[in-house]
Amino acid sequence: MTFDHPQLFLDGATDVVIRRRFSHPPAKVWRALTEPELIRQWLSPDLTDCQMDPRPGGSFRYVWPEFFFSGPVLEADPPQNMLHVEHFNGDTSQGPTVRTTLTHDGSGTRLTVVMRYRDAEARANAIQQGFTDGIDAVYGRIEGLTFA
Amino acid sequence: MPDLDQSFAALADPTRRAILARLAEGEATVQDLARPFAISQPAISRHLKVLEDAGLIETRIDGTSRPRRLKPDTMSQLWHWLGQYRALWEAQFQRLDSLLDSLEDPPADPKERKP
C-alpha cells in the first residue's frame, strides 16, 4: 500500500494522527528526523537554532525568529520509535506528547505520528488555534509539530 | 465561522461520530438513529443536542417528524481545516522526500528485515 498523500485523522478524544509512506528505509528516515543539520534542510529554512538529542533524558529545541518549540525526549529506540513532549514558546503547562513510529513498508518506511493532547478541549484548542492564526502561523506551527 | 472548539469537542465521542457518519448518508429521525445503536432514544436525543449545539447538525420540521441532518457549513469548515492541515504536512513531507533522495543509503543492517 502506498500513501501519495498523508493520512490525517482525529483518533479518540485526544489524538491527532498523521501517517505517510516514504520510499526510503527507516534508518535513513530516522537520520533525517533526528540529525540537526538534516532537520534544518527539510523542516524550515527560517530556523535560527536547531537542537535535537534523541535519547531518553535528551531534549529538542527548534527556534524560529518569532516562536520556538522545545521539550524533553522520553523514549528513543532508533530507528523505529521516539516519544517526546512538545511545548510552545516554553509553556511547560501544556503541549502534546508526540509519538513518532517508523516501520518497514516494503523497501520504504511507514511513518506514524500520534500527537496526544491532555484532553479533548486541549486538542480542540490546538486545532482551533492553528486554524485561526492564519496560514503563515499555521505553517510555522505545523513545522514545529511535525517531528519536533 | 462556527465555534470549532465546541465542534471538535462534540466530535470527541465515538457514538456522536457514528451518528454523524449515519447522517452523512442522509437525514434520519431519532428512531432511525436509535435502531443501529444499543442505546436508548433519550440517550440518542442527548447526543443529538450536543451535536446541534455544536452547529454540526440541524433539525428539519416535517409535520410531526423531526429528522436531523448535517449542517453543511460547519461540516465543510471542518473539512476545509483538515484539508489545509493535510496540505501543509504534505509540503513538509515532500521536502523530506527530496532530502532522503539526496542522502546516501545507510550500510545494510543485518537486524533489519529485508522486504
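What you see is a predicted model; the values in this text were computed from it and never measured.
Note on B:Asp101 versus A:Lys28: no salt bridge recorded, every NZ/NE/NH1/NH2 to OD/OE distance being 4.0 Å or above.
With a 4.5 angstrom heavy-atom cutoff, A:Ile39 does not touch chain B via any of its atoms. For a residue to count as touching a neighbouring chain, one of its non-hydrogen atoms must lie under 4.5 Å from one of that chain's; by this rule A:Val16 touches chain B with the side chain only. Residue contact with chain A, scored on non-hydrogen atoms closer than 4.5 Å, involves the side chain of B:Leu99 exclusively.
By the 30° and 60° cut-offs, the orientation of the rings of A:Phe60 relative to A:His84 is perpendicular.
Aromatic rings from A:Phe22 and B:Phe93 are positioned such that their centres are separated by under 6.0 Å.
For the atom pair CG (A:Asp77) and OG1 (A:Thr101), the distance works out to 10.0 Å, reported to the nearest 0.5 Å.
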